[in-house]
Amino acid sequence: MRPTTTRCSRTRPRPWWRVWAGNRFGAGGPRRLGCTPMETLEELLNARLTAAFAAVVDGGADPVLRRSQHADFQADGALAAARKAKRNPREVAALVVEHARLDDLCETVEISGPGFINLTVSAGALGRLLAGMSAHDRLGIPAAVTPQTVVVDYSAPNVAKEMHVGHLRSTVIGDATVRTLEWLGHNVVKANHLGDWGTPFGMLIEHLLDIGEANAAEELSVGDLNGFYRAARAKFDADEAFQERSRRRVVALQGGDEETLRFWRMLVAESERYFMTVYDRLGVRLTDKDFFGESFYNDMLHPVVASLDELKLLKISDGARVVFPEGFVNRDGEPLPIIVQKRDGGFGYGTTDLAAIRYRTQELHADRIAYVVGLPQKQHFEMIFSAARSAGWLTASTRAEHVAFGSVLGTDGKILRSRAGDTIKLADLVDEAISRAAAAVAEKNPALSEAERDRVARLVGIGAIKYADLSNDRVKDYVFDWQRMLSFDGNTAPYLQYAHARIRSIFRRGAVSAPAGLTTIPVAEKAEHALALELLAFPAVVAVVADTLDFHKLTHYLFGLASAFTTFYEQCPVLKSEGEVRESRLALCDLTARVLCQGLDLLGITAPDQM
RNA sequence: GCGCUCGUAGCUCAGUUGGAUAGAGCAGUGGACUUCUAAUCCACCGGUCGCAGGUUCGAGUCCUGCCGGGCGCACCA
């Protein structure tokens, strides 16, 4: 949910508690991470097949390479190419196979069915590629050669209002976005679009004065934001005099009255302090430097309106100043506006979003802006993007996207609420996750020390919540189910964390470290072969996820990797094997652990070494 | 009314530019611990892919029309 903002007055000081360092990202750029670009298995196969297709088919053709149940990979491109050229698909496939240089990569290349090309990767190729990946500190994924500046707009709680499950998804998905893009070497601006401005602040400030500054600070700092807000609201609804005071207070706030601003800052600061405690417990990267609330854009609102006017985009409709982005109609089929300035002179939230997008493209020089906001806001963002394009504030050189997500449902299939029917405080949700995880850990591994158990419980509990959220297609609603997300079986965070802990345990138990400097990692067994293919797929998956921000594709991959590992673990003794086989298996273990650890880290989940 | 979004096994979900017999997990049933963590693994059972047409060698995927759930449609954000 987008935070609440209603009105704004003529002049306003810039928020004092933070200084936007305009050149914070300008100089230096990202650290170069000393990586050599590597070719992935899939890229290699694709390149060879593409060359073969070019030799066989006029104008060439996409090999349509993918993983297969019938072999390691299959290339289906011959069918489409044959149809286009009105040729026999099996013959095209045969010619492609004849022309393809695959000797160094494939054990077998066979044609099957109507013209599928089935590829089995040779052990030698797997060994070489695995060794390359293992020797690489970034697991085969180089840092971006041309880093982008990416603004991630997420979390966005409201001052003096409790964070609830609605903020959970934005925070978790946003954090995964930040981690993934930062790891890839991009300049990421974390923009926590705090709801820190608007009419409610009249009543909130009056309530603060009623109960006294000290009491208010106390109430807010312990996280009783709902209590504070409700009390203010109740008075506002019941007491006419209080209403009047609140209205005057809003005017004073908007007018820049110094004392009023001091109270407002206090509300904001106390709320931010509280939000930080929640973020810290959740283990997300947001800091107190990342609050860029709506008030941050206040100075930019009048200029936005003026610019729209100059650009002839501004229209007057029913006394309000509006822009009509093309292609949007209301229920009567009339053009649907974005209200940039209301009849009474106040600004709408659309104005703030326009100001923010202009700021982000023109001042921050963003190459990409990701709005991690709920699906219901979809039309709003389409309108904002459309208007911003018309104004020239959003050009083809910036990718603006609404990273939409669905609702969190209870096991009854309805929007998740507490038993009493209230919204659930995010802080309570975190507490419950940790206490449930603590109980599970205590039961399943009593040998852990108390301190270690607490640490593991926190990582498991938080991991479970995040993983449950990220492992579903984000655009869909998902069902929040404690039992399922904390299960050690199935596609869950604890399962992956456990797989990782088991691997670390091998090295502890064997008192060995991962072999280094291998030029090849021989794979012989079926389970080793399958694990190798999974490991080598990591770079491609990360690339897709960075592009689509579909994190369930990463969780899906990690689960497949962990499954492949446990099969290997059951069938291929590591410490009991000897010589080259032992070295190879230790290297596979190490590589799996590193990929699991890194993959989970991109999701904001920590994998403990033991649990 | 217009628009967006979802509908796949009893449950929770994958399914990438259209490709081979639609895949997992949970639950259920049956197996496997002198063993590097059994917090695991293996096997079986389970689906008219909401419905009906269409496009073609081939449709869960693309097109059209329905049905059902959720959401949005100007001065709250």
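Both backbone and side-chain heavy atoms feed into the values below; hydrogens, waters and symmetry mates do not. Lettering of chains follows the sequences in order, A, B, ..., and the numbering in each one begins at 1. Source: prediction; values computed, not measured.
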ask   = Is A:A501 touching bases, backbone alone, or none of the nucleic acid, heavy atoms closer than 4.0 Å?
value = base

inquiry  = Check this one for me: any side-chain N or O of A:K414 less than 4.0 Å away from OP1 or OP2 of B:G69?
reply    = no

message = Tell me the interatomic distance from A:D473, atom CG, to B:G23, atom P, rounded to whole angstroms.
response = 21 Å

task = Tell me what A:H556 touches on the nucleic acid: a base, only sugar-phosphate, or nothing, going by heavy atoms under 4.0 Å.
result = sugar-phosphate

task = Can you label the angle between the A:F480 ring and the A:Y478 ring as parallel, tilted or perpendicular, going by 30° and 60°?
result = tilted

request  = Might you point out which heavy atoms bring A:V323 and A:V340 nearest each other, and give the distance in Å?
outcome  = CG2-CG1, 4.5 Å

request  = Scan A:V479 against the nucleic acid and name what it touches under 4.0 Å (heavy atoms): base, sugar-phosphate only, or nothing.
outcome  = sugar-phosphate

key: P gap between B:G54 and B:G47, integer Å   = 27 Å

key: Interatomic distance, A:Q74 CD vs B:U21 C1' [rounded to whole Å]   = 13 Å

key: Minimal non-hydrogen separation, A:Y557 against A:A537, with atom names   = CE1-CB, 4.0 Å

ask   = Base, sugar-phosphate alone, or nothing: which one does A:F559 contact when heavy atoms must sit under 4.0 Å apart?
value = sugar-phosphate

request  = Could you tell me the separation between the CE atom of A:M611 and the P atom of B:U37, rounded to a whole number of Å?
outcome  = 14 Å

message = With the stacking rule set at 5.5 Å and 30°, tell me whether A:F116 counts as stacking on B:G19.
response = no

message = Could you tell me how far B:U55 sits from B:C2 if I compare only their C1' atoms? Round to whole Å.
response = 28 Å

task = Using a heavy-atom cut-off of under 4.0 Å over every strand shown, decide if A:Q610 touches base, sugar-phosphate, or nothing.
result = base

ask   = Between B:G60 and B:C49, how far is it from one C1' atom to the other, in whole Å?
value = 5 Å

key: Qualifying residue, where the test is side-chain contact (heavy atoms from CB on, under 4.5 Å) with A:H402 and the options are A:V372, A:V373, A:I384   = A:V373

query = Partner of B:G7 by Watson-Crick or G-U wobble geometry, both contacts under 3.5 Å, or none?
reply = B:C67

key: Closest non-hydrogen atom pair, A:F275 against A:N158   = CZ-O, 3.3 Å

ask   = Between B:C63 and B:G23, how far is it from one C1' atom to the other, in whole Å?
value = 27 Å

inquiry  = Surrounding NZ of A:K444 (heavy atoms of other residues, nucleotides or ligands, distance under 6.0 Å), is the total greater than 12?
reply    = yes

query = Do the side chain of A:R83 and the base of B:G58 come within less than 3.5 angstrom through a donor-acceptor pair of N or O atoms?
reply = yes

ask   = With a non-hydrogen cut-off below 4.0 angstrom, is A:S563 in contact with a base, only sugar-phosphate, or nothing?
value = nothing

note = Comparing A:E570 with A:S471, nearest RNA chain B nucleotide closer to 5' gives the residue A:S471

message = Rounding to an integer number of Å, can you tell me how far A:N445 CG sits from B:U40 P?
response = 13 Å

ask   = Hey, would you say the A:F381 and A:Y371 ring centroids sit under 6.0 Å apart?
value = yes

message = Heavy atoms from C-beta onward define the side chain here; which of B:G7, B:A20, B:A24 lies closest to that of A:K476?
response = B:G7

message = Please report the distance separating the C1' of B:G72 from the corresponding atom of B:G25, rounded so that it comes out in whole Å.
response = 34 Å

Base-pairing mate for B:A24 - Watson-Crick or G-U, with both contacts under 3.5 Å = B:U12

task = Scan A:L336 against the nucleic acid and name what it touches under 4.0 Å (heavy atoms): base, sugar-phosphate only, or nothing.
result = sugar-phosphate

key: Check: B:A27 base within 3.5 Å donor-acceptor of A:D489 side chain   = no

query = On a plain distance test, is the side chain of A:Q69 in donor-acceptor contact with the base of B:A20 below 3.5 Å?
reply = no

note = By the Watson-Crick or G-U definition, both distances under 3.5 Å, B:A38 is matched with none

ask   = Is the distance from OP1 or OP2 of B:G15 to the nearest side-chain N or O of A:H552 less than 4.0 Å?
value = yes

query = Which one is paired to B:G18, where only Watson-Crick or G-U wobble pairs with both distances under 3.5 angstrom count?
reply = none

ask   = Are any of A:R502's side-chain N or O atoms less than 4.0 Å away from OP1 or OP2 of B:A38?
value = yes

message = Within the 4.0 Å heavy-atom criterion, would you say A:F507 contacts the bases, only the backbone, or no part of the nucleic acid?
response = nothing

inquiry  = Using the C1' atom as the point on both nucleotides, what is the distance between B:G10 and B:G28, in whole Å?
reply    = 10 Å

remark   = Residue pair A:P337/A:N472 against RNA chain B: nearer the 5' end by closest nucleotide is A:N472

request  = Can you tell me the pairing partner of B:U61 across any strand shown, Watson-Crick or G-U wobble, with both distances under 3.5 angstrom?
outcome  = none

query = Nearest-Å distance, CD (A:Q483) to P (B:C26)?
reply = 13 Å

request  = Starting from P on B:G69, measure out to CD1 on A:I415 and report it in whole angstrom.
outcome  = 16 Å

Ring pair (Phe, Tyr, Trp, His ring centres under 6.0 Å) evaluation trace for A:F296 with A:H193 = CA-CA 9 Å; A:F296 179 77; A:H193 202 82; 9.7 Å; no

query = How is A:D550 classified with respect to the nucleic acid when contacts are heavy atoms under 4.0 Å: base, sugar-phosphate, or nothing?
reply = nothing

key: A:F568 ring center near A:F565 ring center (under 6.0 Å)   = yes

query = How close or far is atom P of B:C57 from atom NZ of A:K84, stated in whole angstroms?
reply = 15 Å

task = Tell me whether the OP1 or OP2 atom of B:C76 has a side-chain N or O from A:T199 closer than 4.0 Å.
result = no

task = Using the P atoms only, state how far B:G58 lies from B:A20, rounded to an integer number of Å.
result = 14 Å

Gap in Å between the two C1' atoms, one belonging to B:G15 and one to B:A22, rounded = 8 Å

query = With both distances under 3.5 angstrom, what nucleotide forms a Watson-Crick or G-U wobble pair with B:G72?
reply = B:C2

message = Over all strands shown, is A:V64 touching base, sugar-phosphate only, or nothing at heavy-atom distances under 4.0 angstrom?
response = base

ask   = Can you tell me the Watson-Crick or wobble partner of B:C33, both distances under 3.5 angstrom?
value = none

Residue-phosphate contact under 4.0 Å: A:R66 side-chain N/O, B:G19 OP1/OP2 = yes

note = Any strand, both distances under 3.5 Å, Watson-Crick or G-U wobble: B:U56 pairs with none

query = Which nucleotide in the list B:C2, B:U5, B:C75 gets nearest to the side chain of A:K342?
reply = B:C75

request  = Classify the nucleic acid contact of A:R331 as base, sugar-phosphate or nothing, counting any heavy atom under 4.0 Å across all strands shown.
outcome  = base

inquiry  = Measure CD/A:Q497 against P/B:U37 and give the value in whole Å, please.
reply    = 18 Å

inquiry  = Taking the minimum atom-to-atom distance to the side chain of A:K444, which one of B:U12, B:U37, B:A39 wins?
reply    = B:A39

ask   = Any side-chain N or O of A:Y495 under 4.0 Å from OP1/OP2 of B:C41?
value = yes

ask   = Which part of the nucleic acid, if any, lies within reach of A:T566 when heavy atoms closer than 4.0 Å are counted: base, sugar-phosphate only, or nothing?
value = sugar-phosphate

request  = Measure from the side-chain heavy atoms of A:D318 and tell me the nearest of B:C75, B:A24, B:C36.
outcome  = B:C75

ask   = Can you tell me if the side-chain N/O atoms of A:K378 get under 4.0 Å from OP1 or OP2 in B:C71?
value = no

request  = Indicate yes or no: does A:E534 engage A:R67 in a salt bridge with an N to O separation below 4.0 Å.
outcome  = yes

